Amino acid sequence: MRPDPIADQRTRDIRGEQVKLLYAQALLGAMTSLLIAPLLVLTMWNVLPRTVLVAWLLALEATVLIRLALTVAFQRRPDPGAEAGRWAARYTWACAASGVCWGGCIILLALSPSLVYDAFIALILGGVLMGGVFTMSSVLRAYVAYALPLGLPPVLWLLLRDDPMRVAMGAAGVLYLLLALATAQRFHRTLARSLRLAAENLSLAQFFAKAKEQAEATNRQLADQQAALRDSVAAMRQLYEVISIPRRHARDQIQAMLAMGCQRFGMVIGILCHIDGERYEVAHVLAPGGEVAQGDAFALADTYCNDTLRARMPLGFEHASAGPWRQHPCYQKFGLEAYLGVPVRVGDQAYGTLNFSDFKPRATPFTTVDRELIQIMAQWVGGILEQERMAEAARRQQALLAHASRLNTLGEMASGLVHEINQPITAITLYAEAGLTRARNGPLGVVETRDVLEKIAAQSARAHAIIHRIRHFARQTKPQYAMVRLNDVFEDIADFLNLEARRHRIGLRYDIAPDLPRVLADALQVQQVILNLVRNAMDAMSANTGPEANAVTISARADPKEVKIAVRDSGSGLAPDAVDQLSYPFFTTKPDGLGLGLSISRSIIEAHGGRLWATPNAGPGVTFHFTLPAAPAAVSEHAVEVLALNVD
Ligand code: ADP
């Protein structure tokens with residue numbers, strides 16, 4: 001059989017309890033001996049030798065005192081149940097000594113002058129024997145050690161007498177002794193059983209108490225987990241609300257994220273900082289109190305972000321002055337009590353940190369959900385910044401391409417432009433020569449001179465205007481967004497359009513609403529798109545010499561949301577497979593074409609928030625359309641600046 005440690009322990013516990021009971025009854029047992037023995041001695045005082053009586057009494061009471069001393073020692077121990085075996089043995093020895101002393105009554109019996117005294121002594125012994133059953137049988141061997149020396153000698157002595165009364169008393173004594181032993185054993189067993197039951201009850205109660213405690217702990221844990229789950233769902237919802245609203249500009253997205261973080265973490269300041277070497281620069285900030293502003297710079301070592309970068313994970317504390325953070329330069333200089341920050345990476349490069357802080361301590365500690373949330377926020381912000389970088393690179397690329405394309409257009413228009421400049425120069429020459437001839441034939445009058453000079457000035461202004469337009473068209477600048485009137489845009493490009501019309505000998509018709517709304521645009525780029533579409537239209541019509549091939553129509557209409565511009569020709573039209581390819585760069589059907597005009601035009605229009613597309617005409621030719629979003633009527637000058645900046 002395998003050892004059962006629990007059962008063994010229980011047995012040990014029961015033994016301990018039995019010993020405790022033994023000692024608990026000790027006083028009662030001692031009292032009995034202390035009272036009954038003197039009574040016996042008093043009764044026999046005049047009958048038996050007193051020295052014998054006193055010696056017997058002293059011996060007996062000495063054993064009783066030993067038992068009492070043991071009891072006191074036992075009860076003084078901090079854990080009286082421990083070493084139960086040893087304490088039981090000590091008491092057993094003391095009981096045996098008491099038993100021997102009581103058994104010493106045999107001497108009193110021997111000296112007893114009459115049967116009455118014998119009977120009295122036997123009665124006392126019987127009572128003491130039975131009394132021991134109740135005070136000692138919790139440890140059976142203690143009782144046996146007490147009862148046998150107490151009962152056997154007097155009983156044997158009585159049995160061996162010649163006197164039938166005494167023999168009868170001896171026989172009764174044997175019966176008493178057996179009865180006492182049997183009762184003691186019964187009593188011992190019953191006691192042991194009830195102790196076992198009590199122990200089992202106790203361990204059952206302990207088991208239930210433990211199970212209850214565990215269930216309560218599990219409940220608490222579940223409740224905590226549930227609360228954390230609810231919190232994380234709420235955090236995800238907040239995050240989703242921020243990122244699901246489309247915002248045109250990265251700056252607005254980041255501001256919205258900072259506002260959400262401040263609200264969620266209960267902080268007043270939200271910062272996205274850029275860290276360059278040892279320099280900490282505020283790239284975006286939400287600080288309603290104006291404590292810190294965009295562009296502010298600090299030494300990295302003076303900020304908690306220094307530690308955040310080193311930690312490479314969310315770093316947060318709620319009460320700086322209550323712990324070692326109060327030594328930090330950031331606390332010493334700015335007094336920021338609560339802080340939660342996380343490193344931000346853009347692509348595979350470190351950018352800075354996203355952090356939230358407050359001058360007041362935070363009442364509750366940051367949760368795991370808070371730390372996970374700020375990590376996600378930082379990843380999202382990193383993504384936005386990366387997109388922004390890529391968009392910026394694309395914008396620069398697009399501007400370069402647009403410029404190259406404008407130069408190419410100018411190159412293609414060079415002969416026409418030279419002709420266009422030559423005309424006023426030729427006219428100037430002619431006017432100057434005519435004036436000179438007139439002057440050689442006699443002095444010129446004031447009116448004549450003024451007339452010639454005015455004509456020369458007008459022609460030179462015309463030449464100058466053309467050269468100015470060419471230079472303007474050829475310049476390379478960053479896109480310059482401003483509120484522009486499209487009617488002005490058409491006017492500015494009219495010279496170039498007319499030039500193309502003359503070169504192709506094709507008419508140009510304008511169907512432009514007189515008061516188009518303003519649009520937020522780079523006028524030069526929009527001119528480039530119009531010129532590109534008109535030149536393509538005229539190229540397509542040059543090949544087609546049918547009766548309808550007489551004009552390209554430029555129309556512009558507006559609705560509250562956008563301005564729609566269309567360039568309609570009656571040229572060769574688009575082959576079905578060409579329609580799909582128009583958006584791709586380098587698609588061209590012209591022998592000397594580059595195939596870049598349409599793709600650049602499309603990217604220009606899309607960068608303006610519009611669309612460009614082509615539709616075949618009902619008759620010959622094709623119509624190219626593009627839209628530009630109308631600017632809000634009440635847009636202020638400041639807003640224009642901001643918008644222009646953002647697009648930039
Ligand atoms: P390129 O003018 O250098 O060819 P574009 O990108 O401006 O480059 O035009 C690409 C091609 O689209 C042209 O080669 C032509 O085949 C087609 N296309 C453009 N506009 C028209 C039009 N109005 N009618 C017919 N085809 C056109």
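For reference, positions follow the sequence shown, starting with 1. Order of listing sets the numbers, starting from 1, for every ligand and every atom in it. Just so it is clear, the model here is predicted, and its values are computed rather than measured. Side chains included, hydrogens not; waters and symmetry mates left out as well; all remaining heavy atoms used.
- Nearest non-hydrogen protein atom to atom 21 (C) of ligand 1 is F624 CE1, 3.7 Å.
- Every atom of ligand 1 is numbered from 1 in the order shown, and the set under 4.0 Å from a heavy atom of T588 is 1 (P), 4 (O), 14 (O).
- Against a heavy-atom cut-off of under 4.0 Å, G597 is close to the following atoms of ligand 1: 5 (P), 6 (O), 7 (O), 8 (O).
- The pair E386-R389 does not meet the salt-bridge criterion, since no charged nitrogen lies less than 4.0 angstrom from a carboxylate oxygen.
- A 4.5 Å side-chain heavy-atom check between H274 and Y351 finds at least one atom pair inside the cut-off.
- With hydrogens left out, the protein atom closest to atom 26 (N) of ligand 1 is L574 CD2, 3.4 Å, a heavy atom.
- Less than 4.0 angstrom separates some heavy atom of L596 from each of these atoms of ligand 1: 6 (O), 8 (O).
- In this structure, the protein non-hydrogen atom closest to atom 6 (O) of ligand 1 is L598 N, 2.8 Å.
- At the top of the distance list for atom 17 (C) of ligand 1, counting protein heavy atoms only, stands L582 CD2, 3.9 Å.
- For the residue pair N408 / S405, no side-chain donor-acceptor distance below 3.5 Å is found, with atom types taken as modelled.
- Counting heavy atoms only, D569 comes closest to atom 23 (N) of ligand 1 of the residues T409, L533, V567, D569.
- Polar contact check, L594 against ligand 1: a nitrogen or oxygen pair lies under 3.5 Å apart.
- Side chain to side chain, D492 and H472 fail the donor-acceptor criterion of an N or O pair below 3.5 Å.
- What sits closest to atom 10 (C) of ligand 1 on the protein, heavy atoms only, is F587 O, 3.0 Å.
- At least one N or O atom of N536, backbone or side chain, sits closer than 3.5 Å to an N or O atom of ligand 1.
- Here is the list of ligand 1 atoms found below 4.0 Å of a heavy atom in G593: 3 (O).
- Looking at V418 and Q423, their side chains never come closer than 4.5 Å, going by heavy atoms from C-beta outward.
- At a threshold of 4.0 Å, the pair E491-R485 does not count as salt-bridged, since none of the basic side-chain nitrogens sits closer than that to a carboxylate oxygen.
- Atom 22 (C) of ligand 1 has as its closest protein heavy atom V622 CG1, 3.6 Å.
- A salt bridge links K455 with D451: the distance from a Lys NZ or Arg NE/NH1/NH2 to an Asp or Glu carboxylate oxygen falls below 4.0 Å.
- Contact check for V526 versus L486: side-chain heavy atoms found under the 4.5 Å cut-off.
- Taking 4.0 Å as the cut-off between side-chain N and carboxylate O, D231 and R264 count as a salt-bridged pair.
- With ring centers used as reference points, F356 lies 6.0 Å or more from Y339.
- Using a 4.0 Å cut-off between charged nitrogen and carboxylate oxygen, R279 and E281 count as a salt-bridge pair.
- At least one N or O atom of G595, backbone or side chain, sits closer than 3.5 Å to an N or O atom of ligand 1.
- For ligand 1, the polar-atom distance check finds no N/O of S599 at less than 3.5 Å from any of the ligand's N/O atoms.
- Heavy-atom distances between G573 and ligand 1 reach below 4.0 Å in at least one pair.
- Looking only at protein heavy atoms, the nearest one to atom 2 (O) of ligand 1 is K590 NZ, 2.7 Å.
- The protein heavy-atom contact nearest to atom 15 (C) of ligand 1 is T589 OG1, 3.4 Å.
- Taking the six-membered ring wherever Trp is involved, the centroid distance between the rings of Y481 and H608 falls below 6.0 Å.
- Taking a cut-off of under 4.0 Å to the non-hydrogen atoms of A537, the atoms of ligand 1 that pass are 23 (N).
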